[in-house]
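Report on the structure given below.
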Number of protein chains: 2
Amino acid sequence: MKAAERQLRIRQMFESRDFLDLETLCRELDASESSVRRDLDILEQEKILRRVYGGAVSLQAPPSRAFDYAVESVRLSDEKDRIGRLAAGLIEDGQTVILDGGSTVAAVARELATKSLHIVTNSLPIAEGLEALRNIELTLTGGYLDPRHRVMLGPFCEQMLGAIRADTLIMGIGSITEAGFSNNNTLVVGSEQKMIEVAGKVIIVADHTKFGRGGMIPVAPLSAVHTVVSDKDLAPEYIDLLRTNGIEVLLA
Amino acid sequence: MKAAERQLRIRQMFESRDFLDLETLCRELDASESSVRRDLDILEQEKILRRVYGGAVSLQAPPSRAFDYAVESVRLSDEKDRIGRLAAGLIEDGQTVILDGGSTVAAVARELATKSLHIVTNSLPIAEGLEALRNIELTLTGGYLDPRHRVMLGPFCEQMLGAIRADTLIMGIGSITEAGFSNNNTLVVGSEQKMIEVAGKVIIVADHTKFGRGGMIPVAPLSAVHTVVSDKDLAPEYIDLLRTNGIEVLLA
DNA sequence: ACCAACGATGAAAGCTGCTGAACGGCAACT
DNA sequence: AGTTGCCGTTCAGCAGCTTTCATCGTTGGT
């Protein structure tokens, strides 16, 4: 790799991270320590970054440019934030991940910003939050745009989902009972079932208020899901219910 | 391969990458190192790129996509507004209309806001502009999201377009010559051809600067289009060219 | 149709500047 | 104070740059 290309890629890497250590840079760029140091020197002269002991920190605009819409409009609760961070930790670089709509999933998406992923989503807010990131390759499902939830739905969406395979699905849900997962919004159910069908691993994110209350439209039985991420206020009976059904339960 | 063709293809290659090394260019263009160097020299003089050790970096590279989109929409905005208004007048309530990306088409979309329509688009900016309107039913195509132009492209997009029929297509274009319509952005051509295929009536919107200059990738012959909407500065020879090919020409 | 002039092309030569490894010094931590 | 890890410097090796030149195809003129 040539010097100019390395420097461009370093700049790109700083778009999603505000600190990078030398070892990571050497590995990612497949270059020697010396060369990376020289690159960092040059970029420091250009005021792109500041060299610090062990690596460099970004001098550019704060990295929270992406997803500032979420802070403004949705105002994520602490719980959702913590759930998001925990769920994002389950995702590894290089995976293909499906994200459905919903504010809890948006909290996960925000935490995924630093990873290198291929993301498939039917949610416009999530797409808008991730589209500027160079480390994320983004594919939208298409379909009828529900103006209320800003998600794409319907036969076109389902048909497109049927044509892909994903490592992991991260999905929000309206309610969880012993009968399974269900939703109150009729329109999204078809797409969600298709998402479950094409994903290798299914992760449900849901705060504790979603448990016990009855949903209208069944989405999937408990057996369809591999992992549920919720918060510490989840009643033990539900933890037991999920675990006896072979579901991994994580509490943020 | 001729020098001019090589240089055009180099410009094209920089649409999807911001750095290209010499070896890659020689291989892709099937030309000697010397010739590629000479091409790069010329393109550097034209401020298209900057030569650097080991290759060249794009000078068009807009780090902020919002910026160059803004620039493009400000440029010629008067003309585009008028074209938009005129083209929107061709659309009747109740139709299904496909809108492709591009700032001229966005100008049409603004003028469509008062009509009752079913709109299909692969453009995120257009979708964002129309999604809140109750009189517009909006369907997105899906596909890979090109972060630079904020349009959805690729096989998923084309597949979805193949599954629909529309009354009218409104499309922007890179260039118009007697050889037909063409574009400089390779990626969008596939989707645009599919759009033409499934639309009953094809309307091209293009200000006069798009005429005569050579485009790289052919999109469609003149015969594929029914109406062209341009501005009053369009040279008479091009008006004749279009009319003798049976195309309706409207000047805003 | 032929030939000369021109520009474009690709190979070779010599030079420039980048690269990675090695070494010694310095900062942080024990 | 000792150890570990990081930094800056130096230097040989080589990849890439510029220049030059022979060759080829094209153009324009006779």
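Residue numbers begin at 1 in each chain, while the letters A, B, ... track the order of the sequences.
- The nearest whole Å value for the distance from the CG atom in L40(B) to the P atom in dT9(C) is 13 Å.
- Nucleotide dG16(D) holds its C1' atom 17 Å from the CE atom of M1(A), rounded to whole Å.
- Nearer the 5' end of DNA chain D, as judged by each residue's closest nucleotide, is the contact made by R51(A), out of D41(B) and R51(A).
- If you check every strand for non-hydrogen atoms under 4.0 Å, S34(A) touches a base.
- Remark: the Y53(B) side chain and the dA15(D) base include a donor-acceptor N/O pair separated by less than 3.5 Å.
- Comparing dC7(D), dC18(C), dG10(C) against the side chain of A3(A) picks out dC18(C) as the nearest.
- With sequence neighbours excluded, no residue forms a ring-ring contact (aromatic ring centres under 6.0 Å, His included) with F19(B).
- Between D233(B) atom CG and L251(B) atom CG the span is 9.5 Å, to the nearest 0.5 Å.
- Distance E23(A) CD to dC7(D) C1': 16 Å, rounded to the nearest Å.
- Within 4.0 Å (heavy atoms only), V36(A) reaches no atom of the nucleic acid at all.
- N245(B) contributes no side-chain N or O that, together with a main-chain N or O of S223(B), makes up a donor-acceptor pair within less than 3.5 Å.
- In this structure, the CZ atom of R27(B) is 16 Å from the P atom of dG10(C), given to the nearest Å.
- When rounded to the nearest whole Å, the span between CG of L29(A) and C1' of dG20(C) equals 15 Å.
- Among dG8(D), dC18(C), dC17(D), the nucleotide with an atom closest to any side-chain atom of L22(B) is dC17(D).
- Taking side-chain N and O atoms only, K2(A) has a distance below 4.0 Å to OP1 or OP2 of dG16(D).
- Side chain of R9(B) to backbone of L29(B): no donor-acceptor contact under 3.5 angstrom is found.
- Under a 3.5 Å cut-off, the side chain of T104(B) and the backbone N or O of K80(B) do not form any donor-acceptor pair.
- If you measure from atom CZ of R37(A) to atom P of dA22(C), you get 15 Å, rounded to the nearest angstrom.
- Judged by distance alone, with hydrogens and angles left aside, R38(A) brings a side-chain donor or acceptor within reach of the base of dG20(C), the pair sitting under 3.5 Å.
- If you check distances only, the side chain of S32(B) never reaches the base of dA11(C) with a donor-acceptor pair under 3.5 Å.
- Rounded to whole angstrom, the span from the CZ atom of R6(A) across to the C1' atom of dT19(C) amounts to 8 Å.
- The distance between atom CD of E33(B) and atom C1' of dG16(D), rounded to the nearest whole Å, is 7 Å.
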